[in-house]
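Okay, so here's the structure we're looking at.
Atoms within a ligand are numbered from 1 in the order they appear, just like the ligands themselves.
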Amino acid sequence: MSSHNEHAAHEHHGVHAAHGPGAHAEHGSVAHVAPTDWHDAYTRALAAAQPAPGRTVVDVDLEAAEFDWEFTPGRSTRAWGFNGQVPGPTIEARVGDVLQIRLTNHLLEPTAVHWHGLRVPAAMDGTEMVQRPVAPGETFTYRFMVPDAGTFWYHPHVHETVQLERGLYGAIVVRGHDEPRLDAEHVLVLDDVQLDRSGQIKPPGGWIEWHNGREGNTRLVNGKQEPVLTMAGGQIERWRIVNAASARYVRLSIGGRPFRILGTDGGLIPTPVVASEVVLAPADRVDLAVGPFAERETLRIESLRFSRGKMALWIPKRETFATVRVGPGAPSRAEIPDVLRRIDPIVSGSVDATREVRLGWKPSRAHGVDFTMNGESHHRAEPCRVGELQVWDIVNGSPVNHPFHLHGFFFQVLAVNGKPPNFLSWEDTVDVPARGRVRIAWIPDDRPGSWMYHCHILEHHAAGMMAHFDVVH
Ligand code: C2O
Ligand code: CU
Ligand code: CU
């Protein structure tokens with residue numbers, strides 16, 4: 001059976017979601033439908049989630065709703081968010097805790113929440129392949145253990161180009177026993193939003209946006225336009241940074257000063273890395289040790305010029321996200337060890353790729369262009385066996401960069417355009433340069449079920465640049 005037929009078969013599992021006119025603004029023109037027995041797997045996962053010895057259950061209520069929010073001071077915008085705020089509340093836990101999250105949907109359309117980067121059972125992944133979306137008025141409980149320390153985030157996996165853009169996202173911080181000690185810690189969720197003249201969020205639209213993804217005209221840190229942050233002179237802080245933007249890459253600079261990279265998507269890296277800039281593709285996270293700065297300094301948190309090969313004729317100049325005002329000095333008790341964590345390479349020496357993932361596009365009568373994986377929109381990919389080494393070559397045949405995201409599992413990047421990265425890390429999202437290629441390696445642990453990988457530019461994801469696959473025994 002060709003992969004085309006397999007995909008067609010899996011679409012016919014149930015009723016197609018109502019996509020309505022302008023369906024391409026939603027998650028693709030292909031309906032994603034959970035198998036009719038999804039509830040059994042869900043109920044089993046719910047019962048199986050137990051905290052590790054000595055750990056606890058963290059209860060969280062998330063209410064998705066529409067409300068007024070001031071992205072810019074004095075100007076109110078109809079936003080969507082969790083618990084009346086943008087971003088939603090930061091969910092905090094320790095390794096081994098169980099998160100029990102009750103999602104109540106007060107929106108007028110279905111939603112569901114994906115736990116980006118958390119190694120949850122497939123049934124808790126929040127995608128349209130593993131659950132029926134939560135209807136307006138309904139409550140749905142997610143329950144899973146968090147096995148890894150790091151900075152993660154949550155967001156809907158339904159109608160993303162609207163639901164995320166309007167503010168439905170939040171950070172997740174999971175702490176290990178052996179964290180470096182910094183003087184303070186902050187979560188900075190970066191985003192952008194496209195506001196019209198009256199201060200309202202523009203609905204998705206237009207072929208340029210469909211091509212490039214939306215880069216909004218208003219840059220946000222923690223839901224506020226270009227805020228002023230303060231920190232004490234002489235201190236070193238841990239900043240956990242999340243790029244929640246639909247399409248914008250952030251080539252982050254903090255006043256051009258050096259900082260230390262402590263961690264990436266999948267938690268701490270082996271040893272701190274000094275840098276003065278770092279690129280966050282959409283969905284990327286990075287943990288930094290920032291400072292010390294002198295008293296009364298002012299620094300700008302900016303994104304430097306970065307070309308992701310858009311269809312535009314210009315590359316944006318440096319763009320401000322926030323200003324840091326350094327206040328009076330305070331003593332520092334920061335201790336950042338030289339060894340943060342041990343990471344063993346999962347591949348050594350030369351290996352052959354076990355899969356080629358080809359990112360591309362093709363003309364579409366309905367949308368002008370559809371984005372593809374291995375030549376198809378919403379590609380149905382081969383299954384992966386638990387415990388079997390995966391070496392994937394992600395080959396970008398298009399003239400624009402794509403942030404590749406794998407659900408549920410961390411990988412190591414072996415090479416970007418043939419060059420090994422500067423340091424070893426665990427990632428769930430990696431930028432694949434225009435016309436470039438990235439080789440990753442990962443091993444499915446024992447969490448069988450339905451998973452996916454896709455471009456995290458939300459418009460590209462919606463336009464089909466994704467694949468579904470099963471992890472099997
Ligand atoms: Cu943030 Cu399907 O992902
Ligand atoms: Cu799909
Ligand atoms: Cu893309």
- prompt: Taking the Cu ion (ligand 3) as the vertex, what is the angle from SG of Cys455 to ND1 of His460, given to 10 degrees?
  reply: 130°

Considering only N, O or S atoms of His402, the one closest to the Cu ion (ligand 3): ND1

- line: Sequence neighbours excluded, the answer for side-chain hydrogen bond (donor to acceptor under 3.5 Å, both in side chains) partners of Arg94 is none

Atoms named by residue and atom, protein N, O or S, within reach of atom 2 (Cu) of ligand 1 (under 2.8 Å): His157 NE2, His407 NE2, His454 NE2

query: Is a donor on one side and an acceptor on the other found under 3.5 Å between the side chain of Asn105 and the backbone of Leu107?
result: yes

task: Give a yes or no on whether a salt bridge exists between Arg238 and Glu179, defined as a side-chain N under 4.0 angstrom from a carboxylate O.
output: yes

field: Interatomic distance, Ile241 atom CD1 to His186 atom NE2 [nearest 0.5 angstrom]
entry: 11.5 Å

task: Could you go through the side-chain hydrogen bond (donor to acceptor under 3.5 Å, both in side chains) check for Thr139 and Thr104 one step at a time?
output: CA-CA 4 Å; Thr139 295; Thr104 303; 3.0 Å; yes

message: One pair to check against side-chain contact (heavy atoms from CB on, under 4.5 Å): Tyr142 and Gln131. What are the steps and the verdict?
response: CA-CA 11 Å; Tyr142 295 93; Gln131 70 168 96; 2.7 Å; yes

- prompt: Below 6.0 angstrom between ring centroids: does that apply to His155 and His456?
  reply: yes

